[in-house]
Visitor: 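Handing you a structure now.
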Amino acid sequence: MNFTLLITVLVTALTLVVAAYIVAKLIGPRSYAKVKGEPYESGIPTRGSSWLPMSVGFYLFAILFLSIGFFLVVLVLGLAYAWRKGDLEWK
């Protein structure tokens, strides 16, 4: 089996990614001021740390939401496929 095409695609993809990264670094805006790194909240300076611990329940809820959303998308696509194919007709 000839892997020349696969290698060509991978090298091209890697080259494009590296080139895009280099171009972004060269022409992108640079600002290393300390003020740029601070969190901004309605013009009021923050007090304390902006890193707050979050409950694991939020992450679990987000994962559950994504899983249900993915399941519903697959379900609707299957229904559309069956409908278009004509399998839902009563004869």
Side-chain angles (χ1 to χ4, degrees):
M1 188 179 259
N2 191 355
F3 291 106
T4 307
L5 180 62
L6 178 65
I7 292 172
T8 304
V9 168
L10 289 176
V11 168
T12 303
L14 183 64
T15 303
L16 289 175
V17 168
V18 170
Y21 181 76
I22 290 172
V23 168
K25 281 294 184 184
L26 290 177
I27 66 172
R30 290 178 202 78
S31 178
Y32 301 110
K34 184 179 179 186
V35 176
K36 288 283 189 183
E38 293 179 4
Y40 179 78
E41 191 169 326
S42 303
I44 302 170
T46 58
R47 286 178 270 180
S49 175
S50 59
W51 293 97
L52 300 174
M54 288 185 64
S55 174
V56 177
F58 293 119
Y59 297 111
L60 294 176
F61 184 76
I63 291 172
L64 181 65
F65 181 79
L66 290 174
S67 299
I68 291 173
F70 179 73
F71 172 74
L72 288 176
V73 166
V74 171
L75 195 66
V76 167
L77 288 175
L79 177 64
Y81 173 75
W83 193 345
R84 184 165 174 92
K85 193 174 175 185
D87 289 341
L88 301 177
E89 299 291 327
W90 288 83
K91 294 181 182 180

Visitor: Please enumerate all residues that pass side-chain contact (heavy atoms from CB on, under 4.5 Å) together with Leu77, with sequence neighbours excluded.
Guide: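 With sequence neighbours excluded, Leu77 shows a side-chain contact (heavy atoms from CB on, under 4.5 Å) to Val73, given in chain and number order.
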
Visitor: Taking ILVMFWY side chains as joined if any heavy atoms are under 4.5 angstrom apart, and letting links pass through other members, which residues group with Val9?
Guide: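 Leu5, listed by chain and number.
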
Visitor: According to side-chain hydrogen bond (donor to acceptor under 3.5 Å, both in side chains), does anything in residues 53-69 pair up with another residue at least two apart or in another chain? List the pairs.
Guide: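 Those involving residues 53-69 do not exist here.
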
Visitor: Heavy atoms only: give me the nearest Lys25-Arg30 pair and the separation to one decimal.
Guide: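 It is O-NH2, 2.9 Å.
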
Visitor: Under a single-linkage definition using a 4.5 Å side-chain heavy-atom cutoff for Ile, Leu, Val, Met, Phe, Trp and Tyr, are Phe71 and Leu64 assigned to the same hydrophobic cluster?
Guide: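 Yes, because Phe71 and Leu64 connect within a single hydrophobic cluster, where side-chain heavy atoms sit under 4.5 Å apart.
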
Visitor: Taking side-chain contact (heavy atoms from CB on, under 4.5 Å) as the definition, give me every residue that meets it alongside Leu26, ordered by chain and number, with sequence neighbours left out.
Guide: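 Ile22.
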
Visitor: Holding to side-chain contact (heavy atoms from CB on, under 4.5 Å), I want the full list of residues that pass it with Thr15, two or more places apart in sequence or in another chain.
Guide: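 With neighbours one apart ignored, the set is Val11.
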
Visitor: With sequence neighbours left out, what residues match Lys85 under side-chain contact (heavy atoms from CB on, under 4.5 Å)?
Guide: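 Once residues adjacent in sequence are excluded, the partners of Lys85 under the side-chain contact (heavy atoms from CB on, under 4.5 Å) criterion are Tyr81, Asp87.
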
Visitor: What is the distance from atom CG of Leu75 to atom CZ of Phe70, rounded to the nearest 0.5 Å?
Guide: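 CZ of Phe70 is found 11.5 Å from CG of Leu75.
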
Visitor: Linking I/L/V/M/F/W/Y whenever any side-chain heavy atoms sit under 4.5 Å apart, do Tyr21 and Val18 land together?
Guide: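 No, separate clusters.
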
